[in-house]
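Okay, so here's the structure we're looking at.
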Amino acid sequence: MCGIIAYIGPRDVRPVLLDGLSRLEYRGYDSAGLATLDGDRGSLSIVKKAGRIAELARVVHESTLPPAHQGISHTRWATHGEPTDVNAHPHADGSGDLAIVHNGVIENFQTLKKQLEAEGHVFASATDTEVLSHLIGRAYSESTETGSQRLSGAVKQALRGIKGTYGIAVMHRDHHGLIVGARRGSPLVLGIGEGEMFLSSDAAALLPYTNKVVYLKDFDLVELRAGQFDIQSLTSGRSAFEIEELGFAPDAAERGGFPHYMLKEIHEQPQTIENAIRGRLNAEESSALLGGLNLSPAALRDVERVVVLGCGTALHAGMIGAHMLEDMAFVAAESECAGEFRFKNRPLPRNTLFFAVSQSGETADTLGALREARRRGHIGLGICNNVASTIARESDGGTYMHAGPEIGVAATKSFVSQVAIFGLLTLLLGRMRHMSAGTGTGIIQAYAQLPDQITRILEHQAQIESIARKYAQARSMLFLGRQYHYPVALEAALKMKEISYIHAAGFASSELKHGIIALIDPETPTVILCPQDSLYEKNISTIQEVKARRGPVIAMATEGDTGIKDHADDVIYVPRTLDMLQPILSIIPLQLLSYYTAVALGRDVDKPRNLAKSVTVE
Ligand code: AGP
């Protein structure tokens, strides 16, 4: 997944592009580049560099790049071709008159590249994107169109010949004052300023400049000029669009004084819960209100099975959601790794309801699984954070997380938000089946306490930081949990892996004896989730089995449980809530544990190696 920023207007384009790229760096950061079109001299200049955006900024500042008022730029997460200067975007065609930046994958690029090479085209890079620049350049040179249609028409013709996904921005030296953008499958947002226009892969990067945006749809093509825009469709003439106002404040995507976005987002989680449940609790009926599902009570009542689709953290939240639905709403439910489901051939009841869970709303595997479920005639709903994202727009309905931008690559508040939303769904469906009004009221009351309970946990972060420092040199860590806490163990292990780079694995505690116990030794700390619930004694036994083999144990326990100190080396306490909502509290200290471990090891917490915030490629 990559990030695109384009600008046209009165400003000096260079700082606008570099600032925008820095806000998109979470989308990929192995190389970056920009192109400017200087009207005075009619020169199209390209500067691009392997490495972080700071490296590109250094090169730009040292270059003789003339001031310009339009440009396109890109920060890359390599899919085809190593992260090198030559593979970085923008890419030119053979004429050197055209530059393009691209987010997505051109699946048939090898075939096209061979055809173009046979025609004499010479390629500089190993990327799929460069094929698109040559296709546009060829269509442009053969075109008989005049004016902006010559460039837009060439872009349309080239895009009709490719298979795959794209979000692009294109400039040509013959067309000073014009930028062309287009999307299919990769997000692209038009930002509307006063006498200036923007394109971005993520609306959050436009916040310092404008809050008026158009979320381009698949097959849209847009012509940008300083004071106007024109949206066309690749498939049919004009394209309808809606100008939306961004709901979050300009500083929402800033760090707010925190050293890392991840820590800021961990601390936002009391508000995350409030945002997830706002207007969705129905105290009068001891139920929930989820109008966005677009399903009547009768249709919801008839659901025979729920399947939750997701990847990574979203999958872990989905596992908890499925467990809630079975445990409390008595609905048959399961979670599926989206990348696996889409290629399975599962016999499912006709009235199976699917949920695609995705913070970004752009994860290719989750989108593919949603499309497969809907192709089979099932209803597919979305639980997404990014309004108007592809998954949100292709779903039959759904529930927005309203969590605000999540910039840290490691998902934190999105997990808590998704689990909270599944609790609302459980309340709604449960009250249509066997859940009593009293139980429903108890769930609503438990929700009301969660923000303060999270705040209480965050007040103990210094203790968690000291535990993190104590074990930061471990080669490996294990995380064990039962029932609702098995997915919590998986999520906590994922957090630890992806930002500290320590090998970490999560397991169901019951599995310890079936082989995992061979890993226990004095150098391998085990985090054991041990809330004071109906399985407490079994979890104490698990702690004892690890201790008997001299394995260090970090217990996550319920406030007031002093007895557990006799068993564990370190104890992290969290408040008690309902079993179904306990994962929301239990994950908080484990997010902090991974965060402080990564900090102790000097990792790049917000942009861990090899990762990107949203995996829009398969
Ligand atoms: C989690 O910390 C990772 N960043 C990753 O596993 C992520 O959860 C996964 O790629 C799904 O992303 P999505 O929620 O945007 O679909």
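Whatever order the structure lists them in is the order used to number ligands and atoms, beginning at 1.
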Protein heavy-atom partner closest to atom 14 (O) of ligand 1 - residue, atom, separation in Å: Q359 N, 2.8 Å
Please report which non-hydrogen protein atom sits nearest to atom 10 (O) of ligand 1, along with the residue it belongs to and the distance in Å to one decimal place. V615 CG2, 4.1 Å
Any nitrogen or oxygen of V409 lying under 3.5 Å from a nitrogen or oxygen in ligand 1? Just yes or no. yes
Please report whether ligand 1 has a polar contact with E498, defined as an N or O pair separated by less than 3.5 Å (distance criterion only). yes
Candidate list E491, Q269, K264, test side chain to side chain contact (heavy atoms under 4.5 Å, CB included), partner T412, passing option: Q269
When you measure from atom 6 (O) of ligand 1 to every protein heavy atom, which one gives the shortest distance, and what is it? G312 CA, 3.3 Å
So, do Y209 and F198 have ring centers that fall under 6.0 Å from each other? yes
Going by the atom numbers of ligand 1, which of them fall below 4.0 Å from some non-hydrogen atom of A410? 2 (O)
Decide if the gap between the ring center of F354 and the ring center of H378 is smaller than 6.0 angstrom. yes
Quick note on ligand 1: atoms under 4.0 Å from a heavy atom of C311 include exactly 8 (O), 9 (C), 11 (C)
Please assess R183 against T390 for the test side-chain hydrogen bond (donor to acceptor under 3.5 Å, both in side chains), listing each intermediate value before the final yes or no. CA-CA 11 Å; R183 78 147 277 174; T390 306; 2.9 Å; yes
For atom 15 (O) of ligand 1, tell me which residue out of S360, G310, S414 has the closest non-hydrogen atom. S360
Given L199, which partner from the list I5, I72, L216, I168 fulfils the side chain to side chain contact (heavy atoms under 4.5 Å, CB included) test? L216
Judging by distance only, is a nitrogen or oxygen of T313 under 3.5 angstrom from one on ligand 1? yes
Using non-hydrogen atoms of the residue, decide whether K495 is closer than 4.0 angstrom to ligand 1. yes
Is the Y573-H460 ring centre distance short of 6.0 angstrom? no
Y595 and H260 aromatic ring geometry - parallel, tilted or perpendicular at 30°/60° bounds: perpendicular
Looking at ligand 1, does any of its N/O atoms fall within less than 3.5 Å of an N/O of A411? yes
Does the Lys NZ or Arg CZ of R346 fall within the cation-pi geometry relative to F341 - under 6.0 Å from the ring centre and within 45° of the axis? no
Quick test: of every protein heavy atom, which one is nearest to atom 16 (O) of ligand 1, and how far off is it to 0.1 Å? T363 OG1, 2.5 Å
